[in-house]
> 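Quick one: the structure is below, and I'll ask about it shortly.
Order of listing sets the numbers, starting from 1, for every ligand and every atom in it.
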Amino acid sequence: MSNVKILALSGSSRRGSYNTALLQNAQQLAPKNMSIEIYKGLDRLPFYSEDLDGTNLHPEARRLRAEIASADGVLIATPEYNYSLTAILKNALDWASRPSGKHAFVNKPTAIMGASASILGTVRAQLHTRDVLHALQADVLSRPEVLLTQAGSKFDQHGHLTDETATVFLKQLLEGLETKIESQRILTQILRKAVS
Ligand SMILES: Cc1cc2nc3c(=O)[nH]c(=O)nc-3n(C[C@H](O)[C@H](O)[C@H](O)COP(=O)(O)O)c2cc1C
C-alpha cells in the first residue's frame, strides 16, 4: 500500500479530552503507511455565517478546508453532548461544507469514532455525525463502530487506551479507512485508463 495521510478532528477542545486521547492512540495504532495529524484550531473558528464566507473567508476556515482537501481521509472523534455531536464539531463541518457540492468532503473517505462518560459511548452522537456527513456526501465507513463507553476508566495515567476490545476495533477502523482510500485510488486509475 502507498502512503496515506489522515486528518483527525476532535469534537472536544477540553484539556484532557478522551476524544483527543482516542485520536492520539490512533496515531500510535495506525497501519505502517498511515500518518495521522490531529487538527488544532477548531475552537478558533467563528460560528459559521455566510457573511464570513466567500471572498472574506476567515483564515481558520481557509486552513481547515485546505487541510481536508490535502488529506487522503478524515478521522473524526466525537464526544456526545445532549445526545448529539458537539457544537464545535458541527460548526467545523458546516465550515467544511461550502461551497455546496464542491467542497473537500465530497467522496472523502471518512471514519467516525467517539468516547463518552456514559454506558452508550456516543452512539447517538455518532449517528448524528453520520447524518451530517451524509449531507456532505462524504464516503463514510459503516463498520466497525468504535464506541468508547465510560471513557474515564479506559485510559491509563499516560493516556494509553487500556480497553483491549476498543483497541482491536480502533485498529480495524484504521485498516478499513486505509482499504477504502486504496480502493478509491485503484478505481480512479481504472476510470482514468478507461477514458484515455
Ligand atoms: C454539556 C454536556 C452534555 C453532555 N451530554 C452527554 C450525553 O448526552 N451523553 C453522554 O454520554 N455524555 C454526555 N456528556 C458527558 C461527556 O460524555 C463527557 O463530558 C466527555 O468526557 C466529553 O468528551 P471529552 O472528554 O472528549 O471532552 C455531556 C457533557 C457535557 C459537558
Side-chain angles (χ1 to χ4, degrees), residues 6-30 34-48 60-61 63-64 67-68 71 73-97 105 108-136 138 140-174 176-177:
I6 303 298
L7 182 71
L9 305 178
S10 171
S12 174
S13 59
R14 187 175 76 83
R15 281 192 305 277
S17 158
Y18 301 129
N19 285 279
T20 305
L22 204 51
L23 291 176
Q24 286 161 347
N25 278 270
Q27 287 177 314
Q28 305 304 319
L29 297 169
M34 178 183 283
S35 65
I36 301 178
E37 184 208 329
I38 302 175
Y39 189 93
K40 292 193 180 75
L42 292 189
D43 53 356
R44 288 195 289 269
L45 283 168
F47 282 121
Y48 183 84
E60 195 61 47
R63 187 169 79 87
L64 176 66
E67 296 221 8
I68 295 168
V74 176
L75 174 64
I76 294 175
T78 178
E80 182 166 291
Y81 274 12
N82 299 314
Y83 293 10
S84 192
L85 63 163
T86 53
I88 200 173
L89 178 58
K90 177 64 165 57
N91 188 45
L93 295 176
D94 287 342
W95 273 111
S97 72
F105 258 113
K108 183 72 70 179
T110 303
I112 308 169
M113 59 183 181
S116 89
S118 83
I119 54 164
L120 293 179
T122 71
V123 65
R124 295 161 296 210
Q126 288 198 40
L127 287 171
H128 289 187
T129 305
R130 197 171 286 279
D131 272 352
V132 175
L133 290 166
H134 180 64
L136 270 57
V140 184
L141 255 77
S142 50
R143 282 173 194 267
E145 291 175 297
V146 180
L147 304 156
L148 195 67
T149 60
Q150 300 177 309
S153 61
K154 303 285 172 67
F155 296 95
D156 68 17
Q157 80 244 39
H158 305 295
H160 297 128
L161 195 55
T162 53
D163 185 298
E164 280 179 29
T165 309
T167 304
V168 169
F169 282 143
L170 176 49
K171 276 188 186 166
Q172 286 175 0
L173 186 74
L174 297 172
L177 186 56

> Tell me every residue that passes salt bridge (Lys or Arg N to Asp or Glu O under 4.0 Å) with E60, counting only those two or more places apart in sequence or in another chain.
R44, R63
> Between L173 and P144, what is the shortest heavy-atom contact and its length?
CD1-O, 3.4 Å
> Quick one, list the residues around ligand 1 where some non-hydrogen atom comes in under 4.0 Å, by chain and residue number.
S12, R14, S17, Y18, N19, P79, E80, Y81, N82, Y83, S116, A117, S118, R124
> T20 side chain to S17 main-chain N or O, any donor-acceptor pair under 3.5 Å?
no
> D131: what forms a side-chain contact (heavy atoms from CB on, under 4.5 Å) with it, not counting sequence neighbours?
none
> Backbone N or O of Y81 within a donor-acceptor pair of the R124 side chain at under 3.5 Å?
no
> Please table the atom pairs, donor to acceptor, closer than 3.5 Å between any side-chain atom in residues 157-165 and protein atoms at least two apart or in another chain.
{"unit_1": "T162", "atom_1": "OG1", "unit_2": "K154", "atom_2": "O", "d": "3.1"}
{"unit_1": "D163", "atom_1": "OD1", "unit_2": "T165", "atom_2": "N", "d": "3.1"}
{"unit_1": "D163", "atom_1": "OD1", "unit_2": "A166", "atom_2": "N", "d": "2.8"}

